[in-house]
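Beneath this line is the structure, given in structure tokens, with notes to follow.
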Protein chains: 2
Amino acid sequence: MLTDRQLLILQVIIDDFIESAHPVGSRAISKKDEISYSAATIRNVMADLEEMGYIEKTHSSSGRVPSQKGYRYYVDHVIAPTIKEGNLSIMKDLIRDEFIDFEKLVQKSAEVLSDLTNYTSIILGPELFETKVKQLQIVPISDYSAVAILVTDSGHVEHRSFTIPEDISPSDLEKLVNILNERLKGVSLARLPQVITTEVVSLMKVYVRDFEKSFNYLQSAFFQEQPVKLYIGGITNLLTQPEFNDINKVRSFYQMMENEDQVVNLLKTPQHGIRVSIGNENKLDEIKDFSLITASYQLGNEQKGTIALLGPTRMEYRKVITLLNSLSNEMTDALYLWYKNNG
Amino acid sequence: MLTDRQLLILQVIIDDFIESAHPVGSRAISKKDEISYSAATIRNVMADLEEMGYIEKTHSSSGRVPSQKGYRYYVDHVIAPTIKEGNLSIMKDLIRDEFIDFEKLVQKSAEVLSDLTNYTSIILGPELFETKVKQLQIVPISDYSAVAILVTDSGHVEHRSFTIPEDISPSDLEKLVNILNERLKGVSLARLPQVITTEVVSLMKVYVRDFEKSFNYLQSAFFQEQPVKLYIGGITNLLTQPEFNDINKVRSFYQMMENEDQVVNLLKTPQHGIRVSIGNENKLDEIKDFSLITASYQLGNEQKGTIALLGPTRMEYRKVITLLNSLSNEMTDALYLWYKNNG
DNA sequence: TGTTAGCACTCTCAAGTCTTGAGTGCTAAT
DNA sequence: ATTAGCACTCAAGACTTGAGAGTGCTAACA
């Protein structure tokens, strides 16, 4: 357990380092308004803090830098108790236009978030497994091709074009669509592949032998694909952070961000509410010098998405956590309204 | 005009520099198999080439580096005459799956192109102004919201969700959709806004007073937006190029690429066929150290898109130009088939 | 006994100096 | 016309040096 004085000094060190990115020395600390001890005294305290692992030196005679454990303590004991559920009306301006699309909204939110913080924001769109088919439609484009359009009860639209097998006539196609609609309406996306294989495919065969093949394609195109949309805002923001001076870091970071699956995986968490991953606590080696703050939002009861901010470990935790907390609440609220309307 | 010997040496210098990124010295040149002169002789030739502006020194006693004028000459007089219309079957593997989507195809092409070259590829989707409305549909999601879906005769799908004005009933909505379909079918996207305002809006008013407002939104959402899709592949590739060692270059480059409008603008060209922009010839300052090779492809007669590769001025022009040339032919062919099917 | 001043010590960072190697330009010989 | 030879230039890396920031320890002080 830390004494009041130790905690105070730890706090000062972290705050200063977050701002300056430079190791903090005893003299600098003693000059702060909130500090009334001499540099020598500070040094003693710092030695203690270092022994306990909360701060460390970059070399034998350098100032101190917060360690991962230090940040952890700071976040858990200093920041967390002061965060209150809040609502900063971040989205209010975005929703001014009542016709705005949900996808657009999320996209915009990501941009705003990154602008506000100067970090990189990542938003995972809501999972769609539990949404249900509202309408499935096939629009013929020519004799050879058509577009299949799927609309869910959440207003989400998926579409794919495909070629029409030769031995199927326009009237057959129409019948097929009717059957599909009848059978699939109200089925959740999660159950869709199963329903199709067990119930629908056999029916299809009545109309056309080769349709099975086409249908398999459609099925895979629609439903076996990663259905999670990823929105990223302000990747270039991180380039302005001093820890990004090493070109190799930039390389590996961008290479990581290019791999969507990896990013999605990084954000997915069963956990509720705010989660803070500092440095090595992150799953991926590429961001072991970063901190990732994630917050989940909910759509209805089950489906949820995640919003996150990625920045250097030397991150403005208070600001970021407050912001994410508010935004996730606001998104949950917005989605609740949306969902209620649909139900 | 350059003598044979001068041209030979210019060529050797450029080829060597393209490979190594280091200034080329007279001794290194004289050791090449294709060169039978001594270093001293080479030096005389190099002095001439420098005087003519085709090569330059980085400092008074360095080897020579091709100048922009040098690259230009090389591309115009060495590469261009040897390029023959070709078809490398780049897309063949991609189209193996006959059900593939056009958008997917373009996306994949961008990836392949960047993998093949280690530069950044940029593809502008085909302009849709000349495609015609195939079907416009409104799917009600709840009492308060609906999704509007527009399908064009090229198989392109656009969709937006919107809220339904309170004083409109489901049956009204159905009537509206019928009217819209009837009036708008076959209208090109370019003419759509005009047709809507002159013919349709007045009709709308019969059904509901406030619908004008909603409709304006839909119209703007669909048709006043940048309708060009941009596909970018392998931005990180450039990070491995030695000219990207300066972190500030990376910054400004990424910031430029983040601005889609700017990139689209950069690629748009009335010109047909292959275009090579070297260094300062580029419109944007941010890429004055780069070369941009663009090739256009056509859809039917009018609409066209652009594929491009962005790399350092020290670029493998021969390879890149051959590749782009082939791919643009293949894309035109593929689109021709597609389009023919639709007509 | 907790706090502080003082001092020797350590390490980084930037500036300055040296050395090496690659490359040039010029001249004189072939 | 071509080439060998030589003096000269410059960049880049290695090494040195000094200043500055910071530490730890000790002894004195309230």
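All values below come from the heavy atoms of this structure, side chains included, with hydrogens, waters and symmetry mates left out. In the text below, chain A, chain B and the rest are named by the order of the sequence lines, each starting its count at 1.
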Donor-acceptor list for residues 306-316 of chain B side chains, cut-off 3.5 Å, not counting sequence neighbours:
| unit_1 | atom_1 | unit_2 | atom_2 | d |
| --- | --- | --- | --- | --- |
| B:R314 | NE | B:E243 | OE1 | 3.2 |
| B:R314 | NE | B:E243 | OE2 | 3.2 |
| B:R314 | NH1 | B:I18 | O | 2.5 |
| B:R314 | NH2 | B:Q241 | OE1 | 3.0 |
| B:R314 | NH2 | B:E243 | OE2 | 2.7 |

Specify the separation, in whole Å, of atom CD of B:E50 and atom P of C:dC26.
11 Å

List in chain and number order the residues that pass salt bridge (charged side-chain N to carboxylate O under 4.0 Å, His left out) with B:E50, two or more places apart in sequence or in another chain; answer none if no residue qualifies.
B:R64

Please tabulate, one pair per line, each protein N/O and nucleotide N/O from nucleotides 15-18 of chain C that are separated by under 3.5 Å, including the distance.
none

Could you check how far CG of A:L49 sits from P of D:dG24, rounded to whole Å?
12 Å

Mind calculating the distance between CZ (A:R5) and P (C:dT4) to the nearest angstrom?
8 Å

In terms of the nearest nucleotide of DNA chain D, which residue is placed more toward the 5' end: B:S38 or A:A47?
B:S38

OP1 or OP2 of C:dG25 less than 4.0 angstrom from a side-chain nitrogen or oxygen of B:K57, does that happen here?
yes

List in chain and number order the residues that pass side chain to side chain donor-acceptor pair (under 3.5 Å) with A:S291, two or more places apart in sequence or in another chain; answer none if no residue qualifies.
A:Y317

Tabulated below should be each protein N or O lying under 3.5 Å from an N or O of nucleotides 12-22 of chain D; please produce it.
| unit_1 | atom_1 | unit_2 | atom_2 | d |
| --- | --- | --- | --- | --- |
| D:dG22 | O3' | A:S62 | O | 3.4 |

Tightest non-hydrogen contact, residues A:L2 and A:Q6, listed as CA-OE1, 3.5 Å

To the nearest angstrom, how far is B:I42 atom CD1 from D:dT3 atom C1'?
12 Å

A:K32: salt bridge (charged side-chain N to carboxylate O under 4.0 Å, His left out) partners, not counting sequence neighbours:
A:D16

D:dT2 P sits how many Å from B:N44 CG, rounded?
9 Å

Quick one: salt bridge (charged side-chain N to carboxylate O under 4.0 Å, His left out) partners of B:D15, sequence neighbours excluded?
none

Taking salt bridge (charged side-chain N to carboxylate O under 4.0 Å, His left out) as the definition, give me every residue that meets it alongside A:K249, ordered by chain and number, with sequence neighbours left out.
A:D289

For the pair made of CD1 in B:I35 and C1' in D:dT2, what is the distance, rounded to whole Å?
15 Å

Among D:dT9, C:dT10, D:dT3, the one nearest B:S60 by side-chain distance
D:dT9

Go through C:dT3, C:dC11, D:dT2 for me and flag the one nearest to the B:T41 side chain.
D:dT2

Out of B:Y73, B:Y71, B:Y74, which one pairs with B:Y54 under the ring pair (Phe, Tyr, Trp, His ring centres under 6.0 Å) rule?
B:Y73

Using whole Å, what does the distance between atom P of nucleotide D:dT3 and atom NZ of B:K31 come to?
16 Å

For A:A40, which residues count as a side chain to side chain contact (heavy atoms under 4.5 Å, CB included) partner, sequence neighbours excluded?
A:S38, A:R43

Among C:dT10, D:dC10, D:dT2, the one nearest B:Y37 by side-chain distance:
D:dT2

Output the rounded distance in Å from CD1 (A:I29) to P (C:dT4).
14 Å

